Amino acid sequence: MKEVAPNWEAVIGLEVHVQLNTRSKLFSRASNKRTTTLPNQSAGLVDLAYPGTLPVLNRSALELAIRFGAAINSPIARVCSFERKNYFYPDLPKGYQISQNSQPIVGAGVFHLWLEDGRSKAVRISQVHLEEDAGKSIHDRLSNATVLDFNRAGTPLLEIVTEPDLRTPTEAVACFRQLRALVIWLDLCSGRLDEGAMRCDANVSLRTRGSKDYSTSVELKNLNSYKFLEKGLQYELERQATLLSNGNTVERETRSYNPASGRTESMRRKEKSEEYRFFPDPDLPPIPISEEFISRIRSSLPELPASMRDRFVEKYGLAPDIAYRLTLERSRAELFEATVKLCAAPHEAANWILGELTAIQKTQPSPPRKTSVSAKQLALLITRVKDGTISSNTGKELLRTLWETNLDIDEVIKTEDMSQISDSDQVELWTKTVIDENLELIPRLLKGEEKLYEFFIGSVMKKSRGKANPHLVRQSLERRMLKQCKDRSTEDD
Ligand code: ADP
Ligand code: MG
């Protein structure tokens, strides 16, 4: 976009949909826990809009919505109400969606984004409201018909709407990512993007840099991964820039991102809100919310990621980006802190958690188990690397074993013969052997060829089957290089 339109700036606002992990649906007693992939197993009569049925609000969903509002410090409504948003679609059997419009449960507030360069950015939240999810229309199962699965119908959704305060696709991704981290942290939602537990619509337009006006925006619907959000926005910004620079206008429409082509495609003209004919749902009277109910929820909140992040920087001297990455996941942050309590090595703990442990987690089948290494195990592992009992490479191997089992570290080190070899005579012997085997390379080594130096270190480590203390290996190699230098210069004399 930069080349096409350096004078323009992107304006982006997100509507993030979060499926709340309540036991039952938003307005029915049908199960909200999907235990089977078979269609139409968990839709109640209310969700299917049987005549004569009436919706009853799920109190847990309301509680979770308030929990989110309290976490971002937004005002919680003392009375909230539900309205009907009317539109026709086969997977919406009532012909309207029960949503909140004029009296949402959570009012306007601010979400503080943490950006990679260390800046923080205040993104205004217009509102956060509750609504029901629709069923699913499946178009590719049968060749000549659309089939319907109502398992999802009536699932409680929290919709978080931001003001158009985001300025780049990167900021939009950061916002989606951090909102996701927060709802998982608060136990509101599984956060499983692959299952559609969170999706976002991105509204995007371009305007002249420096201008305060908003121009016509396009809505990119149902983005369910960070990558699609970023790519979709990038493509859309370029498309709009091209239109505008050719003197054309951007049309107000809903588009979808097609990952296969990498383009956005028009779905439909965008409805104006009056076309939804919002009106209060007569089946659901306005709900008064007591101050006491709100403060009970407020006081049950765990420490939040932002506060933990700042505390990690302050208390343990971590770099802000390390603290940020540790606090993206509550289990990670808690493991970090519990480990540091036991081994007083915050930098090492952060390294192991963000490095090796995260790498192991990434190779786990989905859904990943939380963490299967206890703070006690990790702290002992760090201690054993620090006191030289094992090398850090062995530590990595050990961590994989610990992930799968509940074994005692010292026991494993002994039985698996993992101890690091810090016997300097033995290390000297290996170094000498490697030098003798590679005499022809010595002149280049002495000239300071970095790669060759690493090759020698690597060869000694190999000879020791990975167990030599790398620190001793370096010392020994350097000593021998000095000696070679001296020998050579006396030869020259
Ligand atoms: P609608 O109700 O028609 O969907 P709203 O004004 O309520 O439109 O905004 C919906 C979303 O669109 C919000 O996330 C908002 O930040 C975003 N938005 C509004 N205007 C613009 C604009 N000009 N450019 C980009 N995003 C916008
Ligand atoms: Mg919208």
Side-chain angles (χ1 to χ4, degrees), residues 1 5 8-18 68 72 74 83-87 89 96-113 121-131 134 157-180 198-223 229-230 232-241 243-244 249-257 264 266-279:
M1 193 197 64
W8 282 334
E9 133 177 291
V11 175
I12 302 166
L14 299 181
E15 295 161 274
V16 177
H17 293 91
V18 180
F68 181 80
I72 60 167
S74 283
E83 289 177 40
R84 293 184 178 180
K85 181 175 177 179
N86 298 276
Y87 68 92
Y89 209 70
Y96 59 85
Q97 177 193 30
I98 305 179
S99 181
Q100 298 194 298
N101 188 40
S102 56
Q103 289 181 301
I105 178 66
V106 179
V110 174
F111 182 62
H112 295 280
L113 262 197
K121 178 180 173 120
V123 178
R124 288 170 301 154
I125 304 288
S126 332
Q127 66 170 59
V128 180
H129 64 255
L130 278 168
E131 62 185 27
L157 286 180
L158 192 69
E159 177 169 344
I160 306 160
V161 186
T162 81
E163 292 287 334
D165 287 346
L166 302 157
R167 292 291 167 267
T168 60
T170 310
E171 282 185 6
V173 171
C175 187
F176 189 32
R177 189 191 294 278
Q178 287 169 46
L179 282 172
R180 175 169 174 266
M198 266 188 93
R199 321 173 303 253
C200 96
D201 303 340
N203 301 273
V204 49
S205 63
L206 278 176
R207 69 177 172 194
T208 320
R209 206 167 278 284
S211 158
K212 290 269 170 278
D213 301 333
Y214 293 135
S215 14
T216 307
S217 63
V218 161
E219 182 184 48
L220 293 184
K221 205 77 189 155
N222 276 334
L223 299 155
L229 173 60
E230 181 165 34
L233 282 172
Q234 278 164 354
Y235 178 85
E236 189 51 31
L237 286 168
E238 271 170 38
R239 190 187 70 86
Q240 293 186 13
L243 278 175
L244 295 172
T249 52
V250 172
E251 243 181 279
R252 183 151 170 76
E253 60 181 349
T254 298
R255 298 177 72 89
S256 66
Y257 175 68
T264 64
S266 182
M267 289 167 76
R268 55 176 182 264
R269 190 181 52 85
K270 177 88 177 81
E271 294 87 350
K272 289 203 205 74
S273 64
E274 57 265 33
E275 287 169 23
Y276 287 127
R277 306 182 324 278
F278 277 105
F279 67 90

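The structure presented is a predicted model; accordingly, all values stated were derived computationally and were not measured. Whatever order the structure lists them in is the order used to number ligands and atoms, beginning at 1.
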Quick one: are R239 and V218 in side-chain contact, heavy atoms under 4.5 Å?
yes

Part of S215 within contact of ligand 1 (heavy atoms, under 4.0 Å)
backbone

Please could you name the atoms of ligand 1 that Y214 approaches to less than 4.0 Å, counting only its heavy atoms?
23 (N)

Can you tell which part of V161 has a heavy atom less than 4.0 Å from ligand 1: side chain, backbone, both or neither?
side chain

Test of proximity, S205 against ligand 1: N or O pairs below 3.5 Å:
yes

So which of E275, R207, R252, E219 gets nearest to atom 1 (P) of ligand 1, if we judge by its closest heavy atom?
R252

Using a 4.0 Å cut-off to any heavy atom of V11, which atoms of ligand 1 qualify?
24 (N), 25 (C)

Location of contacts on D165 toward ligand 1, heavy atoms closer than 4.0 Å:
neither

Any side-chain heavy-atom pair from Y214 and R207 closer than 4.5 angstrom?
yes

If you define the side chain from C-beta out and look only at heavy atoms, does anything of E15 sit under 4.5 Å from E159?
yes

Hey, does N86 have a side-chain heavy atom less than 4.5 Å from the side chain of Y276?
no

Would you mind finding which of L166, N203, I160 brings a heavy atom closest to atom 26 (N) of ligand 1?
N203

Under 4.0 Å from one or more heavy atoms of E163, ligand 1 contributes atoms 16 (O)

Would you say that I98 contacts Y96 through its side chain, given a criterion of any heavy-atom pair below 4.5 Å between the two side chains?
yes

Do S99 and E83 get their side chains close enough for a donor-acceptor pair, meaning under 3.5 Å?
no

Contact between L233 and L220 at the side-chain level, heavy atoms closer than 4.5 Å - yes or no?
yes

Please confirm whether P164 comes within less than 3.5 Å of ligand 1 when only nitrogen or oxygen atoms on both sides are compared.
yes

Who pairs with R180 by side chain to side chain donor-acceptor pair (under 3.5 Å), at least two apart in sequence or on another chain?
Y226

Can you list the atoms of ligand 1 that are under 4.0 Å from a heavy atom of G13?
14 (O), 16 (O), 26 (N)

Shortest reach to atom 14 (O) of ligand 1 by a heavy atom, considering only T162, V218, L206, D213
T162

Summary of salt bridge (Lys or Arg N to Asp or Glu O under 4.0 Å) pairs that have at least one residue in residues 165-177, sequence neighbours excluded
E9-R167, K121-E171, R124-D165

Interfacing atoms of ligand 1 (cut-off 4.0 Å, heavy-atom, S217)
21 (C), 22 (C), 23 (N), 24 (N), 25 (C)

